[in-house]
Amino acid sequence: MAMALRTAAAAAPRGLRRLFSTTSNPAINFPPSAATATQQREKREPSTNLFVSGLSKRTTTEKLQEAFSQFGEVVHARVVTDRLSGYSKGFGFVNYATLEGAANGIKGMDGQFLDGWVIFAEYARPRPPPGQHENNMSSPYSRR
DNA sequence: CGTGAGCGG
């Protein structure tokens, strides 16, 4: 009973994150022919790294880990804060032990209230491992 | 100002 509270709050999928980018330009919005379907649209690859956004400015790392530890074993959680001022940026990262733990954490905390604000949990983006010294002066070529 | 989109050390 009373299980429809998470629907109204989290009624904003990854679509409202960027505001309605009304790119309704019927002039420069026309793919030539090859429809590059190799682009990431929504389905993100499952990973133990979870990106949590919508956190309150006073939400700390402990609160995050404690909230996400209820759905899985959280190896490490971190709320991104500014090194200059020290205030939270409003989002954090949660590292689960396994992939299924992360999936349960997302379905369990995505769209829930934390500190009075609705938080969003999803898989974090794959980032380049710090093992490449060959820095190519910025080469933004690889783009799934 | 901690004002509210976003991806860290």
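Predicted model only: the values in this text are computed from it and were never measured. Computed from heavy atoms alone, side chains included, the values below leave out hydrogens, waters and symmetry copies.
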Could you please spell out the steps behind the ring-ring contact (aromatic ring centres under 6.0 Å, His included) verdict for A:Phe51 and A:Tyr123? CA-CA 6 Å; A:Phe51 172 67; A:Tyr123 299 108; over 10 Å; no
A:Leu55 CG - B:dG4 C1' separation (whole Å): 11 Å
Tell me which of A:Ser85 and A:Gly54 sits closer to the 5' end of DNA chain B, going by the nucleotide each one is nearest to. A:Ser85
Length of the NZ-P vector between A:Lys89 and B:dT3, whole Å: 15 Å
Can you tell me how far P of B:dA5 sits from OH of A:Tyr87, to the nearest Å? 21 Å
Among B:dG6, B:dG4, B:dG8, which nucleotide has an atom closest to any side-chain atom of A:Val80? B:dG8
Looking at every heavy atom in both A:Tyr96 and A:Leu50, which two are closest together, and how far apart are they? CE1-CD1, 3.2 Å
Minimum heavy-atom distance between A:Lys89 and A:Lys57, given as atom pair plus value: O-NZ, 4.5 Å
Return the value, rounded to whole Å, for the distance between atom CZ of A:Phe91 and atom C1' of B:dG9. 12 Å
Is the backbone N or O of A:His76 less than 3.5 Å from a side-chain atom of A:Asn95, with the two atoms forming a donor-acceptor pair by type? no
Could you give the CD-to-P distance, from A:Glu122 to B:dG6, as a whole number of Å? 12 Å
Please confirm whether the shortest side-chain N or O distance from A:Lys57 to OP1 or OP2 of B:dT3 is below 4.0 Å. yes
Distance check needed: B:dA5 C1' versus A:Asp82 CG, whole Å only. 16 Å
With sugar-phosphate meaning primed atoms plus P, OP1 and OP2, does A:Ile119 contact a base, only sugar-phosphate, or nothing at under 4.0 Å between heavy atoms? nothing
Please determine, for the side chain of A:Arg125, which listed nucleotide (B:dG6, B:dG8, B:dC7) has the closest atom? B:dC7
Could you give the CG-to-C1' distance, from A:Asn95 to B:dG9, as a whole number of Å? 14 Å
Between B:dG9, B:dG4, B:dG8, which one does the side chain of A:Asn49 approach most closely? B:dG8
DNA chain B: 5'-proximal contact among A:Ala77 and A:Ser56 (nearest heavy atom): A:Ser56
Rounded to whole angstrom units, what separation is found between the CG atom of A:Asp115 and the C1' atom of B:dG4? 14 Å
With centres under 5.5 Å and planes under 30°, do A:Phe51 and B:dG6 count as stacked? no
From the options A:Leu64, A:Thr61, A:Thr48, select the one residue that forms a side chain to side chain contact (heavy atoms under 4.5 Å, CB included) with A:Val94. A:Leu64
